[in-house]
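Please read the structure below before turning to the comments.
First the proteins, then the strands, lettered A, B, ... as listed; each starts at 1.
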Protein chains: 2
Amino acid sequence: MSNTLRIIPIGGLGEVGKNMMAIEYDHKVLVIDAGLMFPESDMLGIDYIFPDFPYLLDRDDLDLLAILITHGHEDHCGALTHVLEKLPTSPPVYATRLTGGLLEVKLKAAKLFGQVRLHIFEAGDLLRFGPFTVEPFHQAHSIPDSVGFGITTPAGLIIHTGDFKFDYTPTDGHPPDFAKLAEFGGRGVLALMSDSTNALRAGWTPSESAIDEGFERVFRGAAGRIIVATFASHISRIQQAANAARRHGRKVAVTGFSMVENLKMATRLGYLNLPPDLVIPLDQVGSLPPDKILILSTGTQGEPSAVLSRLAQGRHQQLKIERGDTVIMSAHVIPGNEEMVGRTVNRLIQRGADVYYDPIEQVHVSGHPSVDELKLMLNLVRPKYFIPIHGELRQLTQHARIAEKVGIPRENIAVVENGTPVEFTDGKMTIGERLPGGYVFVDGAGVGDVGPTVLHDREHLGRDGFVLAIVTLDAESGDLLLAPELISRGFVYMPDAEDLFAGARDRILQIISDDGQSTRKKQAERIEAALEKFFRQETGRRPMVFVHLNAV
Amino acid sequence: MSNTLRIIPIGGLGEVGKNMMAIEYDHKVLVIDAGLMFPESDMLGIDYIFPDFPYLLDRDDLDLLAILITHGHEDHCGALTHVLEKLPTSPPVYATRLTGGLLEVKLKAAKLFGQVRLHIFEAGDLLRFGPFTVEPFHQAHSIPDSVGFGITTPAGLIIHTGDFKFDYTPTDGHPPDFAKLAEFGGRGVLALMSDSTNALRAGWTPSESAIDEGFERVFRGAAGRIIVATFASHISRIQQAANAARRHGRKVAVTGFSMVENLKMATRLGYLNLPPDLVIPLDQVGSLPPDKILILSTGTQGEPSAVLSRLAQGRHQQLKIERGDTVIMSAHVIPGNEEMVGRTVNRLIQRGADVYYDPIEQVHVSGHPSVDELKLMLNLVRPKYFIPIHGELRQLTQHARIAEKVGIPRENIAVVENGTPVEFTDGKMTIGERLPGGYVFVDGAGVGDVGPTVLHDREHLGRDGFVLAIVTLDAESGDLLLAPELISRGFVYMPDAEDLFAGARDRILQIISDDGQSTRKKQAERIEAALEKFFRQETGRRPMVFVHLNAV
């Protein structure tokens, strides 16, 4: 099938093609994005995850030509260092200038800078890789210098939108490239892959400029310090907050390593305009009146270790929330984080802050296209086939319904999950067999050493705790040498459960005396089963039970 | 302070006064509601929680006159059996007819029916309890027979709205009692306590009748079976689904114990109108064509053991989701459950179902008042003082802002957390000292035996797992009798971590040989510290480490 074009979203469950995609033709592969995901709430103890790609590693016949990055958000480029470390070859990485700057910060932090061939391109360039000709085109999104890709392949022209919104008044004055999209449409597009994040949201996403009005209202009403929390990579939002500070005679102090580094980089590259006298070091915040201060921080997701959560809990070394402070949560809440974010807001209010966030003030807008924008994209590009990407099945099926309404025949739409290739041969689309894949878990210093078994045990331990019985026997007689000891955590409060554990010890003694002739393995198994049953009956819970039989 | 009226929301963090409130005057107490809460996501392994009320238990001088229930939802009456079991006296319980019916089902399931003095009242009745005269008034909500309470106390008239919405066209044809609210307003109201759940939502909540249109659209388009998922107590929604089934010639099958029981009870009491030929047993579903079937189920929150989740995972014994099935999620998502619900929807789609839920079709509306309704309530009742309830601090502060806009002076508004009494003496409001309290955790058969220590251990075990070292020494010489054994779960995948554990065993041997003269307790502590440090350095994680030193 060397004349087959394959489009493969890479990863496990979750948002399809969000973190990584592969485009394959005649044994040549382009990879688009290398991003990370935050763990779902039952992936206990995991810091973050990134796509696994045995597809790329196991096939010797494949030639990986390049990794192209659409934009500088973590979910699209945050796993680059891990991906490069796993790959046997070191393909060149292509990114726009700001995205490249953000990658540079990351590579330096990972001590990998200089080892990666990082190429900077601009929207409008023409990049050639084997059978592929790539035309990056400018997209408006919530970070500057975002692009989508038109990729001419021997099978036809395919379009990858990247993340986008049709923002007529973006903060950087650089609206979407409607002309290019229409021109692609005129050329004839085989397949469109388009951002489905907001496929459940009717209408049109407000412009990033709408934030300026929200900030203005809050800044006008704030008598004390203002803290604006956003993502460290949200360069345009940082500019908007800084502009508001300047209008209201406030100085800007920045907290957090990644935000400080990104600010320096983006200022150097000209993507941020912060006059030197606007910015003050964090330790000078106390020397100015509160109404002259704006603090920029991270922590919009309620992450326990981020600056905002530490402020909310009174655990920040330099800063303390005081009555009269105003906090602006200027970011969307990543699904799964609603509860932690809500708690952070409650705690900030408890400490006396006025807190502004999405439903009560326009201090954040989505960076993704709503339904009417999706329809416009489909109308501009007029693809023969359509592959909704960047969403879970919910969003993808809704995006498919939208495409049907716009006139794409149902049989020309491919809703697939990560790992399932969409193949084009002789102008016809088919869905391939699902390839192996999933996610690599990163936990502390460990990359990939935590898998389903460990997660399953964590879930079990987290739910019901464990009980360990240590039984020491005389190796010859099989008699007990010491009273059985029980160690337990996370099951019941031990000081209040003496009767329960006394009962458990009785069960052990009984089995030992009944069962002197069994093998030790059998005895241990019998004790384990008896204790599991006993604890379930007595408490309705199922702690992990281990028995350690020592013979001395 | 016997001439002081105290209003006390009971519980810990979370929604204020949602599950339980106390009204105290001259040592006499009325309790309003006795509900349960679902655990937050870091309360690992907990089934549900309910308010702790040492305030009521520790004060011998208090006389608990009655427990009044506003309506039949779990968060307002689901903990009644636990509350009654904890109280030293057995106060009478007052509820409307449908709420009483739902309590009866619960009491029977807990084998407590007959032991509780359950009194049925109607909206419009006059109930006298010591110094209190209670006037229950009809409220429209998402369950029939909901009430609020006007309570005349020696300090003045106070109004508790219960949960409500201003629904002009409720499905039971029984709109809110505007006349009564206005009449209270005319009499002069000391304080209003009003539902804040939707204080962040602008406008007016759609009528429950709007669901009929949503159901109609989905039923018209469905070629196969339809499954409507909702709460078992959502009697009016069940009626709406049954009506749609009847209009479209479908029979209704019901799954799940609580839904079956509630249906029987509500039909008997006349709150549900289900002709006998409409309902079929679940095992007859297979004998009718798919387009003649409606299945009612629970599981709208993605609870792993509920019918809908089992269907989504292919783990239901009698039913299997097939291509062409339609699933309607007709309930709101309780905050914190978004991820599990999203996953359930994705899985249903994966199995071929068309799934309809709130943003893509009007198959659910909130049962709570939006901002304009809150303003109407404040305008009708015209209270001197205002206490927003039924919300977290976020919602309460926003409700307070709304009340200020409506003309209540800021100093007459009390935003308090659970446990903090609002006191009225000589017509003046003050905020009292916070009383002890919190939540009781229910885990399996255990009520209150899991506390902060156990939860903290579960969180630790769930995040990083544990390592247990078993070291057996000769009691006399202090020499090792057996090689140290390491047991670990939830930390690393042991088969791949042989080197790591070999390193850990070396650390143990070293300490034993260096340290033969220490006490055993000291040795164990040194080993523990060394292993914690070693694992942290090697893996960046912090498993719980235990050392068990046996001397034989």
Practice problem: With a 4.5 Å cut-off on heavy-atom pairs, point out which of A:G446, A:A202, A:G342 contacts chain B the most. | Solution: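 Max contact count across the listed options: A:G342.
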
Practice problem: Output the option from A:N346, A:D457, A:L44 having the highest count of non-hydrogen pairs under 4.5 Å with chain B. | Solution: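 When all of A:N346, A:D457, A:L44 are compared, A:N346 has the most.
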
Quiz item: Do NZ/NE/NH1/NH2 and the carboxylate oxygens of A:R541 and B:D47 come within less than 4.0 Å?
Solution: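 Not counted as a salt bridge, because no side-chain N and carboxylate O are separated by less than 4.0 Å.
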
Interface moiety of [X] toward chain A, non-hydrogen atoms closer than 4.5 Å:
X: B:I46; answer: neither
X: B:E417; answer: side chain
X: B:L200; answer: both
X: B:M494; answer: neither

Quiz item: Mind checking what makes side chain to side chain donor-acceptor pair (under 3.5 Å) contact with B:S488, not counting sequence neighbours?
Solution: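 None.
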
Quiz item: A:R201 versus chain B, heavy atoms under 4.5 Å apart: side chain, backbone, both or neither?
Solution: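 Interface part for A:R201: neither.
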
When the side chains of residues 462-473 of chain B are checked against the rest of the protein, which donor-acceptor pairs come out under 3.5 Å, sequence neighbours left out?
from	atom 1	to	atom 2	distance (Å)
B:R463	NH1	B:E459	OE1	2.9
B:R463	NH1	B:E459	OE2	2.9
B:D464	OD2	B:R542	N	3.1
B:T472	OG1	A:N550	ND2	3.3

Self-check item: Straight-line distance of B:L393 CG to A:R343 CZ, nearest 0.5 Å
Solution: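 Separation between the atoms: 13.5 Å.
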
Quiz prompt | Main-chain N/O of B:E40 paired to A:E339 side chain as donor or acceptor, under 3.5 Å | solution =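 Such a contact is absent between A:E339 side chain and B:E40 backbone.
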
Quiz item: Any donor-acceptor pair under 3.5 Å linking the side chain of A:R458 with the backbone of B:G490?
Solution: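 Indeed, once roles are kept as given, a pair shorter than 3.5 Å links the two residues.
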
